[in-house]
Amino acid sequence: MIVAIALLAGCNTKTVQVHPADNLNYNEVATFYSLPRSVIYVNVKCERRIFIPGPYANFTKKYLGIDGVVSEPKTTYSIKYIDFDIQVETDPSAIYAVLPTKKGYGNYLKLNEHGLVLPIDANAFGKTIKSSKKESKENTIVFKDLSYKPFIEKKKATFYGRVLNDSVFTRVPIMKTMVVEKNIEEKAKEAAEFIFNLRERRLEFLTTDVDQPFSGDAITEILNEIQRLEDEYLSLFIGKTYTSYSTQTFSYVPTNSEGESTILFRFSEIKGILPQTDLSGRPILLEVEVPNTSLLDSAYKSLNTRIQKDELTRFYYRVPAYTNISVVDGSEVLAKKRVAIYQYGPIFSLPINYPEK
């Protein structure tokens with residue numbers, strides 16, 4: 001453990017003394033410690049869904065009889081999960097100096113072991129806040145299997161030419177074979193026919209009165225492959241949806257024990273998680289309720305009355321107060337948790353040599 005050592009102006013102490021760090025005029029070696037404070041970290045998992053319409057979407061009703069197919073691309077966002085993480089760090093507004101004796105620092109180390117006080121360099125490296133993003137494996141070419149037949153076909157066409165015969169032009173037919181590309185409706189019709197063929201084949205395998213040369217795992221593999229092909233060809237009509245997730249972490253230091261509320265971030269179904277300043281999204285609030293510290297306040301008054309009566313030198317330490325924190329979207333509570341907040345609790349004092357005295 002590293003502790004801060006300072007030379008301060010002053011007197012020769014016979015007992016350990018503790019003073020607020022900003023009120024010292026001593027020239028003695030001192031150890032500084034800080035009271036703890038709580039930092040709320042909110043982890044938000046967001047889902048992004050990208051819908052890509054099928055190339056044959058406009059012919060779904062005609063060839064498959066399916067209504068309500070979306071023919072325009074669409075991207076939507078939603079909040080899937082929120083959780084809380086509470087970290088403890090030093091409070092720069094509550095730093096104390098311990099002036100030791102030759103016998104040491106009294107109960108300072110015991111308080112430190114229990115987390116009631118912290119060396120001023122505690123958590124000096126802080127907490128890393130990450131924004132992780134896991135994209136779905138989208139292919140550049142979304143629809144690769146558009147038909148089980150070629151997209152071009154040979155067609156015979158009859159042309160007429162003029163041939164000079166005995167000084168007279170005669171109109172004669174000329175047969176030619178041409179390679180032409182099928183139009184999109186013809187492709188859609190073929191894809192729909194293939195879907196129905198797959199369904200017929202599946203029905204044959206499932207019909208008990210039809211003899212099949214396959215059994216056991218072979219039947220299962222065949223049925224799975226038929227289902228895969230049907231799903232792939234159906235997507236040519238009803239489209240595909242890709243899903244990806246991202247996680248962002250936000251931090252907040254509570255300061256008002258009377259309860260408080262702050263805009264954690266803004267959110268839009270079209271844009272996802274947005275900064276606090278982007279008014280195109282609605283505000284997502286972090287709310288901290290007023291803690292119930294009546295029992296702690298009673299203990300605080302009783303302990304301090306006894307200490308002041310005995311005129312004992314004391315350590316100052318902080319006991320956390322429990323309260324509820326929640327993330328709210330309008331009237332909807334997205335997440336809620338009961339946590340301990342150090343800066344909401346009272347500051348107690350303990351005799352230097354407690355429990356010896």
Side-chain angles (χ1 to χ4, degrees), residues 1 3-4 16-23 31-42 83-98 105-124 126-127 250-262 264 285-310 312-328 335-355 357:
M1 176 190 305
V3 293
V16 176
Q17 295 186 5
V18 180
H19 302 275
D22 54 356
N23 293 336
T31 295
F32 290 92
Y33 75 87
S34 168
L35 301 188
R37 73 175 181 183
S38 303
V39 183
I40 301 173
Y41 290 92
V42 184
D83 68 354
F84 301 97
D85 183 21
I86 305 298
Q87 297 286 329
V88 177
E89 66 181 21
T90 56
D91 188 345
S93 65
I95 297 178
Y96 295 88
V98 183
Y105 291 91
N107 280 307
Y108 165 73
L109 295 179
K110 292 183 180 180
L111 291 173
N112 186 24
E113 289 175 1
H114 292 287
L116 298 175
V117 300
L118 298 173
I120 61 172
D121 64 334
N123 296 330
K127 175 183 172 69
F250 303 88
S251 65
Y252 180 71
V253 180
T255 56
N256 187 357
S257 61
E258 298 300 320
E260 50 194 308
S261 176
T262 184
L264 198 60
L285 303 180
L286 173 64
E287 295 184 350
V288 185
E289 297 181 8
V290 179
N292 183 2
T293 59
S294 57
L295 293 178
L296 288 175
D297 291 339
S298 175
Y300 170 73
K301 293 178 181 178
S302 175
L303 180 61
N304 274 282
T305 299
R306 182 172 66 85
I307 291 176
Q308 291 173 5
K309 180 179 179 181
D310 296 340
L312 298 174
T313 306
R314 43 191 158 162
F315 276 115
Y316 300 94
Y317 67 97
R318 179 177 277 165
V319 176
Y322 282 84
T323 186
N324 294 320
I325 59 175
S326 55
V327 176
V328 180
K336 189 172 185 177
K337 188 175 184 180
R338 185 165 179 80
V339 298
I341 304 296
Y342 270 99
Q343 53 269 44
Y344 282 1
I347 297 177
F348 284 99
S349 32
L350 188 70
I352 290 295
N353 295 318
Y354 178 88
K357 287 189 177 181

To the nearest 0.5 Å, what is the distance between [atom1] on [X] and [atom2] on [Y]?
| X | Y | atom1 | atom2 | value |
| --- | --- | --- | --- | --- |
| N324 | I341 | CG | CD1 | 10.5 Å |
| E289 | Y344 | CD | OH | 10.5 Å |
| Y322 | R338 | OH | CZ | 8.5 Å |
| L285 | E260 | CG | CD | 12.5 Å |
| K337 | S326 | NZ | OG | 13.5 Å |
| S251 | L264 | OG | CG | 9.0 Å |

>> Among residues at least two apart in sequence or on other chains, which ones pass side-chain hydrogen bond (donor to acceptor under 3.5 Å, both in side chains) with E287?
In response: none
> Which residues pass the side-chain hydrogen bond (donor to acceptor under 3.5 Å, both in side chains) test with T262, sequence neighbours left out?
Replying inline: none
> Which heavy-atom pair separates R318 from A94 by the least distance, and what is that distance?
Replying inline: NH2-CB, 4.1 Å
>> Quick check: closest heavy atoms across Y342 and S38, and the distance to 0.1 Å?
In response: N-OG, 3.0 Å
> With side chains defined as the heavy atoms from C-beta onward, is the minimum distance between R37 and P254 less than 4.5 Å?
Replying inline: no
> Looking at side-chain heavy atoms only, is the closest gap between I40 and I86 below 4.5 Å?
Replying inline: yes
> Judged by atom type as modelled, is there a donor-acceptor pair below 3.5 Å linking the side chain of S34 to the main-chain atoms of I95?
Replying inline: no
